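Data block below; observations after.
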Protein chains: 2
Amino acid sequence: MSQSLRKPEIIKIARREGRVTVDGLVDHFGVAPQTIRRDLTELADSGKLERVHGGAVLPSTTTNIGYSERRELNQAAKVDIARVCAAQIPNDCSVFLNIGTTTEAVAGELLHHQGLLVVTNNINIAMILSQNPSIEVVVTGGNLRRSDGGLIGDLATQTIRQFQFDYAVISCSALRENGDLMDFDIQEVGVSKTIIAHSEEVFLVADGSKFERKAPARIASMAQVDLFVTDLPLSPACASFCETSGTKVLYA
Amino acid sequence: MSQSLRKPEIIKIARREGRVTVDGLVDHFGVAPQTIRRDLTELADSGKLERVHGGAVLPSTTTNIGYSERRELNQAAKVDIARVCAAQIPNDCSVFLNIGTTTEAVAGELLHHQGLLVVTNNINIAMILSQNPSIEVVVTGGNLRRSDGGLIGDLATQTIRQFQFDYAVISCSALRENGDLMDFDIQEVGVSKTIIAHSEEVFLVADGSKFERKAPARIASMAQVDLFVTDLPLSPACASFCETSGTKVLYA
DNA sequence: CTAAAAACGAGCAAAAACGAACATTTTTAC
DNA sequence: GTAAAAATGTTCGTTTTTGCTCGTTTTTAG
């Protein structure tokens, strides 16, 4: 059997069994192990399978690999920030939580709150909060961004416009010295702007590393933020900007 | 973490049984306890499982016990139905998938399609489909129903009204002999009605057990369904109703 | 509470699997 | 038919995985 006939069958077997072994395929096709290895390597390169020692498996959980790695990044700091932020939010109020790993950490800390109405455009946050039956969870519509489970686009802003929140917890991709909140995705910027416009109190959560990063799209100015929770001390320039604009700063 | 052929299967067993033991896995795979321990330790490190003395359990965050049990119910039939249904949907079109375990199975089968725009009010479906980068996933807004990850209420219908779908795949809680589709939740009924009104072709997926159940709210009549995919033969009364109303019936 | 039993993790050597390079066979083009 | 190209098989040094020993920690029984 030639290669062109082997590969589809390998995939078929993998789909049925969930996995394939080099030995098993050697028996099945009657060819040398090296040949099977070549097949598997090529199938893995083209994304059809995932290579493992001894064989290959279906690429199942690989979806948000980049994301889950990023989530690990600075996780301790994020949880500390989240705890401080959650402590500023009372029971029995309405809260918006937007996209971001730090915001997700806030969701985790909010699990012990009671009587919240939480609206979110982050599918992971919806999953997290569904554990607490005393929290009503509303999900905005939107296009699903696979990289991080965010819902963005016009549908998201449409939904948000129908609410007025007591609190909004937002994050951003980068922070500039002059107090501008920046983001990578222009579609997300529209969502964030709408959130700010429809919230009484705006909380920004961002760890210190955000000051070292650059992003192209401007969401808002720190002046529109009521509370900024972070982990590392602000630069003098940024601290004085917050002072002037009346933005309260808390350190985790 | 280094991959292994065993790990996906360990997770599968853990999902099914709720827990795994070192001894049980040693028997299952025919390897040394030390090897299983290594696997479990690594799975625990990456958050897939939670290590306990003597084995491992599912992490507390991924419980949803009642739901996942119900999902197992009649699973084989659901997958068969899903496969037949998915085969009727071409590539490069727009599809709506609504709440339901059978509908979720359809989502799994649609993973191999290309160029779809899928809109759903089921958060689990959004998660499933995010694995295929060639499918654009749009989530409707709505109140999150924790029991099954469904998004319901006015926000959901609002979103749906903005689309016109090539195909809609819907399910229901119960089916009556006279061809009425019934549901438990009145809020979901509104969503389902809107879906039907905004779709060119309506596919109903429901296993035979739905005929034995009762539900209070009427969604629609079988006459509004273009294709009904099920597993068991219909009663003569129902079959003749489908005949008269022009509803095509396929058996898995 | 104490002691025995079971389970655990670290380190190490053996075994299995791996990939690269090259020889050989099969297919394809002319 | 031949020659080039592609696929396959073989060899061998390297990497990864696995099983074993042993001292430590956790659970269980009394």
Side-chain angles (χ1 to χ4, degrees), chain A residues 1-73 75-76 79, chain B residues 1-63 65:
Chain A
M1 181 180 297
S2 71
Q3 186 195 43
S4 51
L5 294 173
R6 237 177 9 244
K7 283 191 187 176
E9 179 146 5
I10 290 177
I11 291 177
K12 215 178 87 188
I13 295 172
R15 292 248 163 84
R16 196 174 59 230
E17 314 269 334
R19 62 172 202 214
V20 289
T21 63
V22 173
D23 284 347
L25 293 172
V26 165
D27 286 349
H28 188 278
F29 292 111
V31 295
Q34 185 62 34
T35 306
I36 296 296
R37 289 202 193 99
R38 261 189 285 253
D39 288 344
L40 294 183
T41 305
E42 285 164 24
L43 286 168
D45 286 346
S46 64
K48 307 287 182 57
L49 293 179
E50 192 172 305
R51 195 73 166 81
V52 301
H53 216 83
V57 295
L58 290 177
S60 51
T61 56
T62 52
T63 354
N64 289 346
I65 200 88
Y67 176 65
S68 56
E69 274 167 11
R70 185 158 53 82
R71 194 200 303 240
E72 298 296 321
L73 213 75
Q75 180 63 21
V79 171
Chain B
M1 173 180 71
S2 60
Q3 260 294 9
S4 143
L5 278 169
R6 286 183 303 274
K7 283 177 191 167
E9 183 150 2
I10 291 176
I11 291 174
K12 214 177 88 188
I13 295 172
R15 293 247 162 86
R16 195 175 59 229
E17 316 267 333
R19 73 198 167 88
V20 288
T21 63
V22 173
D23 284 346
L25 293 172
V26 165
D27 286 348
H28 189 278
F29 291 108
V31 295
Q34 198 58 246
T35 306
I36 296 296
R37 289 204 192 97
R38 257 189 289 253
D39 288 344
L40 295 183
T41 305
E42 286 168 18
L43 285 170
D45 286 346
S46 64
K48 307 284 182 57
L49 292 179
E50 206 165 287
R51 196 75 166 80
V52 297
H53 219 82
V57 296
L58 289 177
S60 46
T61 55
T62 37
T63 34
I65 287 293

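Residue numbers start from 1 in every chain, and the chains themselves are labelled A, B, ... in the order their sequence lines are given, proteins ahead of strands. These numbers were taken from a predicted model, which means no experiment stands behind them.
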Quiz item: In terms of side-chain heavy atoms of A:Ala32, which of D:dT8, C:dA7, D:dG9 is nearest?
Solution: D:dG9

Quiz item: Got a second to check how far B:Lys7's NZ is from B:Leu43's CG, nearest 0.5 Å?
Solution: 5.5 Å

Quiz item: Looking only at heavy atoms, what is the nearest atom pair of B:Leu25 and B:Ile13, with distance?
Solution: CD2-CD1, 4.1 Å

Quiz item: Quick one: do A:Glu42 and A:Lys48 make a salt bridge, cutoff under 4.0 Å?
Solution: no

Exercise. Nearest whole angstrom, please: distance from the P of D:dA7 to the CD of A:Glu42.
Key: 8 Å

Quiz item: Charged N to carboxylate O under 4.0 angstrom, B:Arg6 versus B:Asp39?
Solution: yes

Exercise. Specify the angle, to 10°, made by the local axes at the two ends of the helix from C:dC1-D:dG30 to C:dC30-D:dG1 when five pairs are taken at each end.
Key: 60°

Quiz item: Quick one: which of C:dC8, D:dG9, C:dG19 gets closest to the side chain of B:Arg51?
Solution: C:dC8

Quiz item: D:dG9, C:dG9, C:dC18: which one has an atom nearest the side-chain heavy atoms of A:Arg37?
Solution: C:dC18

Practice problem: Can you establish whether the number of heavy atoms outside B:Arg19 located under 6.0 Å from its atom CZ is more than 12? | Solution: no

Quiz item: Can you check the B:Leu25 CG to C:dA7 P distance for me, whole Å?
Solution: 13 Å

Practice problem: With the side chain of A:Thr41 defined as its heavy atoms from C-beta on, choose the nearest nucleotide among C:dG19, D:dT8, C:dG9. | Solution: C:dG19

Self-check item: Selection from D:dC20, C:dC8, C:dA17 that lies nearest to any side-chain heavy atom of A:His53
Solution: C:dA17

Quiz item: When the distance from CG of B:Asp23 to P of C:dA5 is rounded to whole Å, what number comes out?
Solution: 17 Å

Quiz item: Residues in side-chain hydrogen bond (donor to acceptor under 3.5 Å, both in side chains) with B:Gln34, at least two apart?
Solution: none

Exercise. Could you check how far CZ of B:Phe29 sits from C1' of D:dG19, rounded to whole Å?
Key: 17 Å

Table of protein N/O atoms under 3.5 Å from nucleotides 11-14 of chain C N/O atoms:
none

Quiz item: What nucleic acid atoms does A:Val52 come within less than 4.0 Å of, heavy atoms only: base, sugar-phosphate, or nothing?
Solution: sugar-phosphate

